[in-house]
Amino acid sequence: PSGAEPDRRNLTSMETDALIGGLNVSDGHPRMPLTTAQRAIVDSLPALFDEAEKRVFEEIEAEAQQTFLHGIGQHRAPVGTGRLVSCYSSSVAMDITARALAHRTDTIALVHPTFDNIPDLLRGRGLKLLPVPEAELAAGEPELPDEVGAVFVTTPNNPTGWVLSEDGLRRLAAFCARTGRVLAMDTCFRAQDERAQYDTYAILEDSGAQWVVIEDTGKLWPTLELKAGFLAWGEHTDLPLLEYFSDVLLSVSPLVLLMLTRFAQDAERGGYAELHGLIARNRRALAEVLDGGPVRLTDPDARISVARVTLPEDGPDAVALYDELVRRGTHVLPCGPFHWDRPQDGVRQVRLALARSGEDVVRAARALVDAVRAH
Ligand SMILES: N=C(N)NC[C@@H](O)CC(=O)C(=O)O
């Protein structure tokens, strides 16, 4: 594709290319080394297998959901109510949600920008999408035509790191309750940013809105894609979520849930502090490599495990730089596809993953600056 035309490939296809080797700062999946405590949990997997085999699934599931969600401030999550199910991934939970929302409305207001598999999954279920900027969602009174039956917000948002504040959620939930719209939230990065760890469920339950929340363990720990996406909804949420969930799966593995409980317990005992420290150190290391050069860190106060950088007008655009870096063996993401309604808005930005070793982040940052300078 020419430089002017933002690349039409989806982001996950580029992330897949990054899996063939080279320096992968492409996907937001955790690829840093296990900590010592995490290594000990991995070493205990055979024993966890025996425990998972013996115990009642429902008890293992409730324990995993409670340990993980309470550990990130979600004390009113509907554990044990039958309105909180475990999926193989948050994207599976997302597709179930999309199918259920399509049962209810034709049009969804979706935060713009955001990771492109979200609009792709929603459109895949026949839904029309209306882009809403982060600031408008935070103000809690987005201008929406009547046909919009739901509002979908990713918080913390990817790739910006923007977080919907507690007051912003109160306003948005009250707006949805007042206008009869479902409020759907993708909170997959929330464990990385304490500003996103106010009790979402308390606010949603008290708002009177119909709501759906998708949580994710998959962005946190280097468990080789052993993870769960949790799908939760409100007592008055009138969507066939349980029915559509049951069409997709009976249950995730109790062994995975038991392992997640151990990782979540370790996280509360210092693992989250280590994770937040790694991400902050890597964001600073990236900023230091860029400092004084032609490329700048776009969102300095973001805390999630990805970082956007903004390219100089006189350098290569995001797609040209992405292609050049792949030629040099380094995989980033061009930001065009995050801007699912206006790809040109991302033509001067690329995203780097930070859930990596410090060395990988510094090497990738240097490769990026060299490629920009060589243009
Ligand atoms: N189902 C999909 N496409 N999964 C990829 C997604 O997890 C990557 C991601 O969210 C990120 O790189 O930020």
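In each ligand, atom 1 is the first atom listed, and ligand 1 is the first ligand listed. What you are looking at is a predicted structure, and each value in this text was computed from that prediction instead of being measured.
Of the protein's heavy atoms, Glu15 OE1, 3.4 Å lies nearest to atom 8 (C) of ligand 1. Among protein heavy atoms, the minimum distance from atom 2 (C) of ligand 1 is reached at Asn117 ND2, 3.6 Å. The protein non-hydrogen atom at the shortest distance from atom 1 (N) of ligand 1 is Ser91 OG, 3.0 Å. Nearest protein neighbour of atom 6 (C) of ligand 1, counting heavy atoms only, is His29 NE2, 3.7 Å. Looking only at protein heavy atoms, the nearest one to atom 3 (N) of ligand 1 is Thr12 OG1, 2.7 Å.
Side-chain atoms of Ser86 and Gln65 include a donor-acceptor pair closer than 3.5 Å. Gln192 and Arg303 are not linked by any side-chain donor-acceptor pair at a separation below 3.5 angstrom, with hydrogens and angles left out of the test. Side-chain contact of Thr330 with Arg328: a donor-acceptor pair under 3.5 Å is absent, judged by distance alone.
A donor-acceptor pair under 3.5 Å links the side-chain atoms of Ser165 to the main chain of Gly168, judged by distance alone. In this structure a side-chain-to-backbone donor-acceptor pair under 3.5 Å is missing from Asn157 to Thr114.
Rounding to the nearest 0.5 Å places CG of Leu23 at 8.5 Å from NE2 of His331. Interatomic distance, OG1 of Thr187 versus CG of Leu164, reported as 11.5 Å (0.5 Å rounding).
Of the N or O atoms in Phe189, none lie within a sub-3.5 Å distance of an N or O in ligand 1. At least one N or O atom of Arg351, backbone or side chain, sits closer than 3.5 Å to an N or O atom of ligand 1.
When each atom of ligand 1 is checked for a heavy atom of Asp27 under 4.0 Å away, the hits are 12 (O).
Ligand 1 lies nowhere less than 4.0 angstrom from a heavy atom belonging to Val306. Under the 4.0 angstrom criterion for non-hydrogen atoms, Met94 is not in contact with ligand 1.
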